[in-house]
Participant: 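Handing you this structure, nothing more for now.
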Amino acid sequence: MRKPFIAGNWKMNTNSASAVALAAGLARQLAGVETIDVAVCPPFLYLQSVAAALSASNIALGAQDVYFEGNGAFTGEVSVEMLKDCCCSYAIIGHSERRHVLGETDALINKKIAAAIAGGLLPIFCVGELLEDREAGKTTQVVADQVKKGLDGLCPERVQAVTIAYEPVWAIGTGRTATPAQAQEVHAMIRSLLEKLYGKDIARALRIQYGGSAKPSNTAELMSQPDVDGLLVGGASLKVEDFAAMVKAIA
Ligand code: PGA
């Protein structure tokens with residue numbers, strides 16, 4: 001069975017003191033939780049101090065993005081090696097805010113995913129449709145296209161390193177969560193696509209998180225769906241009590 005995986009995406013929030021306080025609070029609240037994988041993804045600047053605050057915990061560290069080149073003249077970018085050097089295990093790649101606010105393309109996302117896996121970082125690969133896509137009946141087409149392009153060229157062994165996060169853009173930060181049935185429908189579609197591309201074993205093993213206004217009050221019903229294997233949490237991951245409640249509800 002797939003081990004549930006919940007990750008907190010802190011986005012461009014916290015400061016040096018509040019990031020450490022949040023991490024330390026989670027480490028205290030979640031001591032002994034082992035039946036699910038938990039990660040937090042703070043801003044790059046606070047990775048090292050958060051890593052120190054989490055050092056005695058089971059909570060893993062992730063970055064919110066990564067660049068695909070190893071090093072060199074790429075002003076402002078951060079490499080896989082740098083993230084590993086700061087104790088990261090995961091990197092969120094292709095988040096909708098990076099796609100739609102910062103203009104990332106499927107081709108760039110694909111390079112980042114390949115580089116992350118090659119360097120030993122586990123991608124949390126985000127996909128999701130806009131409201132206009134959903135209203136036009138294009139959800140399956142858009143999400144399937146993002147999955148195919150994001151994973152293009154990866155051999156099945158490498159694909160096993162990936163967690164997919166289905167995040168309908170209209171549900172992110174809006175308080176408008178997808179219904180459990182809407183989430184399940186897309187998750188099942190993604191899993192059957194993975195089966196076609198990489199075979200049954202890999203499709204069964206890959207974890208698919210849901211993201212978009214996930215919070216303590218909807219965690220249990222979202223997680224009750226057979227193809228929802230975890231959550232990628234934005235707003236609710238910024239409060240120790242909320243994120244800890246979600247982890248405990250799943251565990
Ligand atoms: P949200 O964000 O939980 O605040 O909707 C989720 C995400 O963007 O990963």
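Count residues from 1 along the sequence. Every number for a ligand or one of its atoms is a count from 1 in the order of the listing.
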Participant: Heavy atom under 4.0 Å from ligand 1: found in Ala171's side chain, backbone, both, or neither?
Facilitator: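 It is the backbone that gets close, since no side chain atom is under 4.0 Å.
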Participant: Using salt bridge (Lys or Arg N to Asp or Glu O under 4.0 Å) as the criterion, list what pairs up with Glu167, not counting sequence neighbours.
Facilitator: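 For Glu167, no residue satisfies salt bridge (Lys or Arg N to Asp or Glu O under 4.0 Å) once neighbours in sequence are set aside.
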Participant: Which atoms of ligand 1 have any heavy atom of Asn9 under 4.0 Å away?
Facilitator: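 Close to Asn9: 9 (O).
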Participant: Would you call Glu104 and Lys112 a salt bridge, using N to O less than 4.0 angstrom?
Facilitator: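 Result for this pair is yes, salt bridge flagged.
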Participant: Are there over 12 heavy-atom neighbours, none belonging to Arg2, within less than 6.0 Å of that residue's CZ?
Facilitator: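 It does: Arg2 CZ has more than 12 such atoms within range.
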Participant: Grab the two heavy atoms, one from Leu61 and one from Cys87, that are nearest each other, plus how far apart they are.
Facilitator: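 Here Leu61 and Cys87 meet closest at CB-O, 3.7 Å.
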Participant: Tell me the protein heavy atom at minimum distance from atom 3 (O) of ligand 1, and give that distance in Å.
Facilitator: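 That would be Gly234 N, 2.8 Å.
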Participant: Does ligand 1 come near enough to Gly212 that some N or O of the ligand is less than 3.5 Å from an N or O of the residue?
Facilitator: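 No - when backbone and side-chain N and O of Gly212 are compared with those of ligand 1, no distance drops under 3.5 Å.
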Participant: Considering only protein heavy atoms, which is closest to atom 4 (O) of ligand 1, and at what distance to one decimal place?
Facilitator: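 Among all protein heavy atoms, the one nearest atom 4 (O) of ligand 1 is Gly235 N, 2.8 Å.
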Participant: Does Ile172 approach ligand 1 within less than 4.0 angstrom via side chain, backbone, both or neither, non-hydrogen atoms only?
Facilitator: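 Contact part for Ile172 vs ligand 1: both backbone and side chain.
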Participant: Could you tell me whether ligand 1 has any atom less than 4.0 Å away from a heavy atom of Lys11?
Facilitator: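 Yes, Lys11 has heavy atoms under 4.0 Å from ligand 1.
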Participant: Under 4.0 Å from a heavy atom of Gly173: which atoms of ligand 1 are those, numbered in the order shown and with their elements?
Facilitator: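 In order of number, 1 (P), 4 (O), 5 (O).
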Participant: Using the side-chain contact (heavy atoms from CB on, under 4.5 Å) rule, pick out the option among Ile164, Thr163, Ile92 that qualifies with Leu232.
Facilitator: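 Of the listed options, the one satisfying the test is Ile92.
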Participant: Would you say His95 and ligand 1 have an N/O pair spaced under 3.5 Å apart?
Facilitator: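 Yes, since at least one N or O of His95 sits under 3.5 Å from an N or O of ligand 1.
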Participant: Counting neighbours of CD on Glu77 that are heavy atoms of other residues, nucleotides or ligands and sit closer than 6.0 Å, is the number greater than 12?
Facilitator: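 Check passes, neighbour count above 12.
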Participant: Ser213 near ligand 1, heavy-atom distance under 4.0 Å?
Facilitator: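 A heavy atom of Ser213 does come that close to ligand 1.
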Participant: Can you name the residues that form a side chain to side chain donor-acceptor pair (under 3.5 Å) with Tyr166, not counting sequence neighbours?
Facilitator: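 Glu129, Arg134.
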Participant: Atom CD of residue position Glu185 - does it have more than 12 heavy atoms of other residues, nucleotides or ligands inside 6.0 Å?
Facilitator: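 Not buried by this count: 12 neighbours or fewer within 6.0 Å.
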Participant: Quick one: look up the protein heavy atom nearest atom 7 (C) of ligand 1 and list residue, atom name and how far away it is.
Facilitator: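 Protein heavy atom with the smallest distance to atom 7 (C) of ligand 1: Glu167 OE2, 3.1 Å.
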